[in-house]
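Just so we're clear, the structure is a prediction, and the values are computed from it rather than from any experiment. In listed order, ligands and their atoms are each counted from 1.
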Amino acid sequence: MADAEQEARLLTRAIETISAGLDLDDVVQGVARLVTETTATDVCFVHLLDEGGTRLRLRGATPPFDALDGEVVLAIGEGVSGWVAAHGEPVVITDDKNADPRYRYIPALRGEEFTSMASVPIVSAPGRLVGVLNVHSRRRREFTSADVELLRSVAGLMAGAIENARLHRRLTDREEALERFAERTVELQESERRRLAGEIHDGISQRIVSLSFHLSAAAEAIAHDPEFAASQIGAAQHLASAALDETRYAIAGLRPPVLDDLGLAASLESLARDLPGLSVEVEAVPCRLPEHVETAVYRIAQEALQNVAKHAEASLAMVRLAEVGDRVVLEIVDDGAGFDPAAAPSATDTVRYGLAGIRERAELIGAELQLDSWPGGGTTVRLAIARPPG
Ligand SMILES: Nc1ncnc2c1ncn2[C@@H]1O[C@H](COP(=O)(O)OP(=O)(O)O)[C@@H](O)[C@H]1O
Ligand SMILES: [Mg+2]
């Protein structure tokens, strides 16, 4: 088949196809088509070596076999292609493939429809095996050594392109991974910033609010009830040192120290006890949750309780922490003034950290948050946390 002119045409077009793009599939598919067109054969198969280097996988073929992309797998040494891969030498079979011990019939590739075949290794410049290229013809034909050489040249061109395409893919994969990493880092910084703001609002500033309540009560009582005033000042002192502790821990990025000292259930009791001007009933069973989840639950309870104290004018408030099925459920209930949750500030509100912060913390730990409230009907904040397995 190969006169000099045909040869030049094939090589030129192979170079064009290969330099047109860096996509591996396009290169392989394009070259397969080109090879059958210019070598007067009927089909072309390109088997590429897997990353592990132990198997050949069909990665390109002329129609209709292109539909088998990725589905035909051969071990090194298996079939003619496997033999070519193992020995790095071409094979030509002019007719009667079944008589050749290297031949293996693969039904999907319909070998019975083709008579002659040539198979050459695809080898890159430093001598690395990349795969195997096969051509088949329906009619019997001789493949001359010039034909085989031409196929090897095309295969060599393709080898470089395949290696480049793989390298390119690996680089883009890595670039994408880096991009995702950068995004994640920014997200984490952002959530860390919000955490700190939330801790200042929910923990520290709320304690200072309570502290000033106690000081006001002390100031009012000091003339006529010095004993009560003293107890109020004592409570204020306690809150001042708690606020100081929380400041330190917030800065260090750690969770409220009370959680480590007492555990979640007892911490909720202590939260409720510290609330000024309101007695809160607490039913909390000790239950195990990951540390960051406990912190979030504690902060949510803290803010919800502060809201009860600040806004509800309730006669009754309750904190419940219970295990319900495979979930841990926190409830803060009051029978106070209630409000319209739909009218309350949303999570996009960057100024408030109250309800928005509760929602955000719930979302961060993948918990389900339910806020039931209506004017005059009291308020229930319900948080359901899926317990981690084990
Ligand atoms: N338990 C509650 N009872 C009555 N009103 C509440 C309760 N919790 C929240 N609210 C209402 O929702 C509003 C938003 O609460 P929040 O986001 O925590 O902000 P803040 O407490 O700083 O006002 C409050 O100002 C209040 O009107
Ligand atoms: Mg609030």
Side-chain angles (χ1 to χ4, degrees), residues 190-191 193-216 239 242-243 246-247 249-250 255-256 258-259 267-284 294-322 329-365 367-385:
E190 199 54 22
S191 82
R193 189 188 62 76
R194 281 194 302 266
R195 179 196 65 78
L196 202 57
E199 247 151 61
I200 290 168
H201 172 276
D202 301 348
I204 299 157
S205 66
Q206 306 287 14
R207 288 210 187 268
I208 292 170
V209 168
S210 303
L211 186 152
S212 89
F213 270 120
H214 287 294
L215 286 179
S216 306
L239 285 164
E246 296 224 356
T247 310
Y249 280 90
R255 60 198 210 130
V258 62
L259 276 176
S267 298
L268 292 177
E269 277 166 21
S270 111
L271 257 188
R273 249 199 328 273
D274 286 346
L275 214 62
L278 182 69
S279 83
V280 183
E281 216 177 290
V282 181
E283 275 174 28
E294 284 190 341
T295 305
V297 173
Y298 177 85
R299 291 306 189 198
I300 288 169
Q302 190 170 35
E303 173 59 20
L305 280 172
Q306 290 292 344
N307 279 349
V308 176
K310 262 166 55 184
H311 309 297
E313 292 164 47
S315 60
L316 203 97
M318 272 205 74
V319 176
R320 245 184 256 127
L321 182 74
V329 175
L330 171 79
E331 275 180 328
I332 290 104
V333 187
D334 72 71
D335 66 348
F339 67 107
D340 178 7
S346 74
T348 53
D349 194 318
T350 49
V351 183
R352 288 175 181 262
Y353 294 96
L355 287 176
I358 289 183
R359 288 201 186 90
E360 194 171 273
R361 286 200 155 99
E363 204 169 298
L364 274 174
I365 58 170
E368 196 184 297
L369 181 75
Q370 209 180 314
L371 179 61
D372 291 324
S373 187
W374 51 91
T379 301
T380 299
V381 175
R382 187 173 189 275
L383 183 79
I385 311 123

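- Of all the heavy atoms of Asp334, the ones lying under 4.0 Å from any atom of ligand 1 belong exclusively to the side chain.
- For the side-chain hydrogen bond (donor to acceptor under 3.5 Å, both in side chains) with Gln206, the lone residue among Glu246, Gln302, Glu303 that qualifies is Glu303.
- Summarising the geometry, atom CZ belonging to Arg382 is positioned 6.0 Å from atom CD belonging to Gln370; distances are rounded to the nearest 0.5 Å.
- Short contacts between ligand 1 and Gly354, defined as distances under 4.0 Å to a heavy atom of the residue, involve ligand atoms 16 (P), 17 (O), 18 (O).
- Here the shortest heavy-atom distance to atom 24 (C) of ligand 1, taken over Gln306, Gln206, His311, belongs to His311.
- Of the possible donor and acceptor atoms, one in the side chain of Asp335 sits under 3.5 Å from a partner among the backbone N and O of Ser315.
- For the Mg ion (ligand 2), protein N, O or S atoms under 2.8 Å: 2 in total.
- The shortest separation from a heavy atom of Glu303 to ligand 1 is under 4.0 Å, placing the residue in contact.
- Each of Leu330, Ile332, Val329, Val282 was evaluated against Leu321; a single residue qualifies, Leu330, per the side-chain contact (heavy atoms from CB on, under 4.5 Å) test.
- A search for side-chain hydrogen bond (donor to acceptor under 3.5 Å, both in side chains) contacts involving Thr380 returns nothing, not counting sequence neighbours.
- When heavy-atom distances to ligand 1 are checked against a 4.0 Å cut-off, Leu355 comes that close through both its backbone and its side chain.
- Atom OG1 of Thr379 sits about 8.5 Å away from atom CG of Asn307, to the nearest 0.5 Å.
- Rounding to the nearest 0.5 Å gives a distance of 10.0 Å between CD1 of Ile385 and CG of Leu369.
- Residue-level proximity to ligand 1 for Ala312 is carried by backbone and side chain together, each with a heavy atom below 4.0 angstrom.
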